[in-house]
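Shown next, in structure tokens, is the structure this report addresses.
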2 protein chains.
Amino acid sequence: MARRPGRDYGPGPRRPWRPPAADADTLMESRTRPRLPPTEAPPSRIERLCIERGLKMTGQRRLIARVLSEAEDHPDVEDVYRRALALDSKVSIATVYRTVRLLEENGILEKRDFGGGRARYDLADRGHHHHLIDVDSGRVIEFADKEFDALAQRLAQRLGFDLVGQRLELFGRKPTEAPRTTPRRRAGGDT
Amino acid sequence: MARRPGRDYGPGPRRPWRPPAADADTLMESRTRPRLPPTEAPPSRIERLCIERGLKMTGQRRLIARVLSEAEDHPDVEDVYRRALALDSKVSIATVYRTVRLLEENGILEKRDFGGGRARYDLADRGHHHHLIDVDSGRVIEFADKEFDALAQRLAQRLGFDLVGQRLELFGRKPTEAPRTTPRRRAGGDT
DNA sequence: GTACCTGCAAATGTTTTGCGAGCAT
DNA sequence: ATGCTCGCAAAACATTTGCAGGTAC
């Protein structure tokens, strides 16, 4: 990695620009919507949950809550940050981190780790589900399966434990598709 | 570090998830080896694998290979580093990182992520298995299950994918025992 | 008014890397 | 020989935090 001697611990450039395919999800939330001043928009789903829990609602939190409520994928903090910026005012990434953590601590978000070093977030009330990650595109597909849940229960039992949580991720590849294109890193094409 | 949306840097993205290698062999190596001086000790299991693959064997690599071969848990880099230091000479943690990555790239180790921010490593030829984590003690129990493997296969198929990898982790708690809130986090109580 | 928020920059913790020196093949 | 390795320190990054000024309630 390039490294300039004499360069002090400067402003850390963050992540490289995402490949174009990342826009698949940007699309869904950039849909035309009247640009209302933040205060006039109807409360997002997450905002309602926050109020229920007595969290102080500031402009930034409302904004982040909106972005997360509208996301249908599993955005990382950077994604949330970018979408928030695009949507409206200026937020600091530190605030995004803080808010996302707050929401997680309040059971509103769930933190996921699909590898790749960044945490990704998911609305908690979407219900119990698992993920299949397309290793070629990075796309994430959600699914649920009763049979698996029962099996997990049984497995834990067999080992002498009560099941209190589980994590199942499948990694797959589309069979007939051209297999050889550049294996895309964990880019954004997530659903 | 402050972040600015304006700039980007080169090769940021890490390697995409690498499907875990499956293997048949399941015999767990027991640590019943005589403690000989490092240079005279018989080649560890990992060392043999390295030689097979034509990797250059240095003193440090032999040492790290030995530590990993003898480990029956899922050590993180720090653990490997400490054990290597205790066992013999001075290694740099950078070398541990480099070696562990080399071994992973050569299919000898598998990288695991049980949360907690540190990667943990596991001999690849221990065979295909999953983990149950005792949430009270942090202990990790390995298990394998044919029925699950078949189910995973079927689930992927149903979603239109070929299964190339999977990750299953169960989190459990001992039922009858007093649910004592033992300090869990990385205390080393790992199996 | 007061306790909590925010933005900024600096700090953290983990992992990677440039560099010159050293070692395996 | 010579190309791969090593140790060291610094870089790279994702994430957290201290602080001073603002804001929700």
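Below, read A as the first sequence line, B as the second, and so on, with proteins coming before strands; counting in each chain starts at 1. From a predicted model like this one, the values you see are computed outputs, not experimental measurements.
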* By side chain to side chain contact (heavy atoms under 4.5 Å, CB included), which residues pair with B:I133, not counting sequence neighbours? -> B:H131, B:V140, B:E169, B:F171
* To do: Specify the separation, in whole Å, of atom CE of A:M57 and atom P of C:dC4.
  => 17 Å
* **Residues which pass salt bridge (Lys or Arg N to Asp or Glu O under 4.0 Å) with A:R112, listed by chain and number, not counting sequence neighbours** => A:E110, A:D122
* Can you tell me how far P of C:dT15 sits from CD of B:E78, to the nearest Å? -> 9 Å
* Between D:dA9 atom C1' and B:Y97 atom OH, what is the distance in whole Å? -> 15 Å
* May I ask you to test the B:R158-A:D145 pair for a side-chain heavy-atom distance under 4.5 Å? => yes
* A:R101 side-chain N/O to D:dT17 phosphate OP1/OP2 under 4.0 Å -> yes
Check: protein-nucleotides 2-7 of chain D nitrogen or oxygen pairs below 3.5 Å:
{"unit_1": "D:dC4", "atom_1": "O4'", "unit_2": "B:K56", "atom_2": "NZ", "d": "3.1"}
{"unit_1": "D:dT5", "atom_1": "OP1", "unit_2": "B:R61", "atom_2": "NH1", "d": "3.0"}
{"unit_1": "D:dT5", "atom_1": "OP1", "unit_2": "B:R61", "atom_2": "NH2", "d": "3.2"}
{"unit_1": "D:dT5", "atom_1": "O5'", "unit_2": "B:R61", "atom_2": "NH2", "d": "2.9"}
{"unit_1": "D:dC6", "atom_1": "OP1", "unit_2": "B:T58", "atom_2": "OG1", "d": "2.8"}
{"unit_1": "D:dC6", "atom_1": "O3'", "unit_2": "B:Q60", "atom_2": "NE2", "d": "2.7"}
{"unit_1": "D:dG7", "atom_1": "OP1", "unit_2": "B:Q60", "atom_2": "NE2", "d": "3.1"}
{"unit_1": "D:dG7", "atom_1": "OP1", "unit_2": "B:K90", "atom_2": "O", "d": "3.1"}
{"unit_1": "D:dG7", "atom_1": "OP2", "unit_2": "B:S92", "atom_2": "N", "d": "3.1"}
{"unit_1": "D:dG7", "atom_1": "OP2", "unit_2": "B:T95", "atom_2": "OG1", "d": "2.2"}
{"unit_1": "D:dG7", "atom_1": "N7", "unit_2": "B:R98", "atom_2": "NH2", "d": "2.8"}
{"unit_1": "D:dG7", "atom_1": "O6", "unit_2": "B:R98", "atom_2": "NH2", "d": "3.1"}

Contacts under 3.5 angstrom, residues 94-103 of chain A side chains, donor-acceptor by atom type, not counting sequence neighbours:
{"unit_1": "A:T99", "atom_1": "OG1", "unit_2": "A:T95", "atom_2": "O", "d": "2.7"}

* Euclidean distance, atom OH of residue B:Y81 to atom P of C:dT16 [Å, nearest integer] -> 16 Å
* To do: Using side chain to side chain contact (heavy atoms under 4.5 Å, CB included) as the criterion, list what pairs up with A:K111, not counting sequence neighbours.
  => A:E104, A:A119, A:Y121
* **Selection residues 146-156 of chain B - residue pairs positive for salt bridge (charged side-chain N to carboxylate O under 4.0 Å, His left out), sequence neighbours left out** => A:E147-B:R154, A:R154-B:E147
* **d(CD1, A:I51; C1', D:dC25) in whole Å** => 13 Å
